[in-house]
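What's counted below: heavy atoms across the whole structure, side chains too, no hydrogens, waters or symmetry copies. In what follows, every chain begins at residue 1, and chains take the letters A, B, ... in the order their sequences are listed.
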Amino acid sequence: MAVGAEQNKAFAQYAHPQRLVSTEWVAENVGAPGVVVVESDEDVLLYETGHVPGAVKIDWHTDLNEPDTRDYVDGEQFAELMSRKGISRDDTVVIYGDKSNWWAAYALWVFTLFGHPDVRLMDGGRDKWIAEGRELTTDATEVTQAEYPVVERNDAPVRAYREDVLAALGTTPLIDVRSPQEYTGERTHMPDYPQEGTLRGGHIPTAASVPWARAAAEDGTFKSRAELEAIYRDEVGLQPGDDVIAYCRIGERSSHTWFVLTHLLGYENVRNYDGSWTEWGNAVRVPVAQGEERGEAPGSSL
Amino acid sequence: MSAQDLPEQLAELVREFNEVPDPDKLQLLLEFSRSLPELPDRLGEHPEELEQVTECQSPLFLAVEVGDGDDAPVSLFFSAPAEAPTTRGFASILHEGLNGLPAAQVLEVPDDLPERFGLTRLVSPLRMRGMSAMLGRIKRQIQARQAV
């Protein structure tokens, strides 16, 4: 059974405070019935070097991505994964990871595709846990296999495909969360080294540039709601009720921004375009803008 | 996976990885990550002499030293943080497999080397690109020295 939300004044400012827990809460609740703590990192071996005692590992590449198709696992594969990790449909899942929860947010977003009811992030992630001198262990976590139903993935509410982005150009605000150099299309690699992965540099026209890490504070926790609103509302110009699409290179960094906009600021229709620049920058006949200006949607100036 | 066309010290590592069952391969890679030698002081104090491998997901820096003469051995140096064990593991494999070999032998190592450890599915193709990039840059630095 899921457990109640953490009563934490620091989270009360956010739209969905129940989506965050503190490191203290995890220390007290890991191992409690109905709670499963999950580590999800960029580095596939980081969990093995030491993890929160009792946490299980879910890897974004090897567990959540479908190996043959560029897509996520399907309902059966997800159910099998959950069962293997000891997660039931009504469990509270708390995810944490390296790099300000960048990959943890990605895993949480994939859980959202399957509508897992109660999934939360540990604010500050792995680095905050370590900075506070909390225990890490290399002991294997004992897992009791769980029953998890096969739930069909429901992409539409939180996932945008390339066609959706094309159709939304000029009407739906886009946020590009990559680095400024990736946004402008400036080449950052050394001469004679091919730019890996994409044939064109730049950004999707109309997209505002907000590197994802601007939403994170020094200690890896999320910035305050006021600071986040100063960025996304005042600077970018998002209005209450706006639909938003976020993208990056492969959809991981933009999951972090998706979490911020959806659960911290309360935007109700935010989608992550996971095809992102590795699809758009290689696609034939899609518009690309270069430089620091957002650029205009094709046809909008006619 | 074939190892016949590889220098013996490298072939041995390919065989080692292919002999262990899949779940233990990651553990083996973790052990390699722990045995990556520290940078010698002369390089640790001069980070500008190291080349960053930007294709790696985590920061990795490498330096290549080549002695004079055709058979002079190549010395390899790597630096990656403890928070990047996979990257450290790749670097450590290349160090153990290539360090001390003559330049000509390093240049002949096939570019598909990373595919031969049986790690691609366990680690993912995207991450394996980091190892390909390290090998590519090692060869490139050797060629640049030889062209001088």
Side-chain angles (χ1 to χ4, degrees), chain A residues 39-51 57-70 73 84 97-100 102-103 106 125-131 136 138 140 179 181-182 187-198 220 248-253 276 278, chain B residues 22-36 50-62 80-93 111 117 119-141 143-144 147:
Chain A
E39 176 162 338
S40 206
D41 298 314
E42 177 179 64
D43 193 300
V44 70
L45 283 178
L46 193 54
Y47 170 90
E48 278 79 4
T49 67
H51 55 82
K57 164 186 170 180
I58 292 184
D59 184 69
W60 62 286
H61 262 306
T62 58
D63 289 326
L64 299 177
N65 285 357
E66 211 287 323
D68 302 326
T69 312
R70 186 171 167 190
V73 292
R84 194 155 41 86
D98 59 351
K99 303 198 158 81
S100 306
W102 166 357
W103 307 87
Y106 185 62
R126 183 184 163 93
D127 290 344
K128 184 160 191 278
W129 180 274
I130 293 172
L136 292 179
T138 53
S179 64
Q181 293 80 7
E182 288 170 284
R187 287 183 161 251
T188 53
H189 57 92
M190 294 173 38
D192 300 331
Y193 287 98
Q195 179 128 316
E196 282 209 355
T198 46
C248 56
R249 235 177 70 82
I250 55 173
E252 15 65 275
R253 285 172 285 182
S276 277
T278 49
Chain B
D22 273 0
D24 297 339
K25 283 189 171 72
L26 285 183
Q27 199 57 39
L28 186 57
L29 185 61
L30 187 63
E31 284 164 25
F32 271 91
S33 80
R34 293 185 177 129
S35 64
L36 179 67
L50 301 171
E51 175 180 356
Q52 181 169 12
V53 180
T54 52
E55 294 89 343
C56 287
Q57 294 190 336
S58 298
L60 177 102
F61 296 86
L62 69 84
E83 300 77 47
T86 303
T87 300
R88 286 179 63 87
F90 292 161
S92 182
I93 289 173
D111 291 332
F117 292 94
L119 283 166
T120 307
R121 197 171 50 76
L122 298 170
V123 168
S124 86
L126 192 67
R127 289 176 173 131
M128 289 308 293
R129 288 209 317 222
M131 193 183 200
S132 306
M134 286 182 215
L135 178 62
R137 284 173 189 248
I138 289 166
K139 289 186 179 183
R140 204 184 148 73
Q141 283 210 24
Q143 283 164 336

Proximity breakdown for A:Asp59 and chain B, heavy-atom pairs closer than 4.5 Å
side chain
Can you confirm whether A:Leu45 sits close enough to B:Leu26 that some side-chain heavy atom of one is under 4.5 Å from a side-chain heavy atom of the other?
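In short, these two side chains touch, coming nearer than 4.5 Å.
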State, to 0.1 Å, how close B:Leu122 and A:Thr62 come at their nearest heavy-atom pair, and which atoms those are.
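Scanning both residues completely, I find the closest heavy atoms to be O-CG2, 3.1 Å.
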Reported CG-to-OG1 distance for the pair A:Asp41 and B:Thr86, which is rounded to 0.5 angstrom
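Answer for the CG-OG1 pair, A:Asp41 versus B:Thr86, is 9.5 Å.
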Straight-line distance of A:Glu42 CD to B:Arg127 CZ, nearest 0.5 Å:
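Spacing of CD (A:Glu42) from CZ (B:Arg127) equals 7.5 Å.
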side-chain contact (heavy atoms from CB on, under 4.5 Å) evaluation trace for B:Leu30 with A:Thr49
CA-CA 8 Å; B:Leu30 187 63; A:Thr49 67; 3.7 Å; yes
Considering residues at least two apart in sequence or located in another chain, which fulfil the side chain to side chain contact (heavy atoms under 4.5 Å, CB included) criterion with A:Arg253?
A:Trp102, A:Val177, A:Arg178, A:Glu182, A:Trp212, A:Cys248, A:Arg249
Where on B:Leu29 is there a heavy atom nearer than 4.5 Å to chain A: the side chain, the backbone, both, or neither?
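Answer is both: backbone and side chain atoms of B:Leu29 are under 4.5 Å from chain A.
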Taking side chain as everything from C-beta outward and backbone as N, CA, C, O, which of these in B:Arg34 sits under 4.5 Å from a heavy atom of chain A? Side chain, backbone, both or neither.
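For B:Arg34, the side chain is the part near chain A, not the backbone.
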Among residues at least two apart in sequence or on other chains, which ones pass ring pair (Phe, Tyr, Trp, His ring centres under 6.0 Å) with B:Phe61?
none
Does CZ in B:Arg121 sit with more than 12 non-hydrogen atoms of other residues, nucleotides or ligands closer than 6.0 Å?
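Not buried by this count: 12 neighbours or fewer within 6.0 Å.
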Kindly determine whether B:Glu83 and A:Asp98 satisfy side-chain contact (heavy atoms from CB on, under 4.5 Å), including the steps that lead there.
CA-CA 9 Å; B:Glu83 300 77 47; A:Asp98 59 351; over 6 Å; no
Out of B:Ser33, B:Ser124, B:Ala82, B:Pro85, return the one with the most heavy atom pairs under 4.5 angstrom to chain A.
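With the most close heavy-atom pairs to chain A, the winner is B:Pro85.
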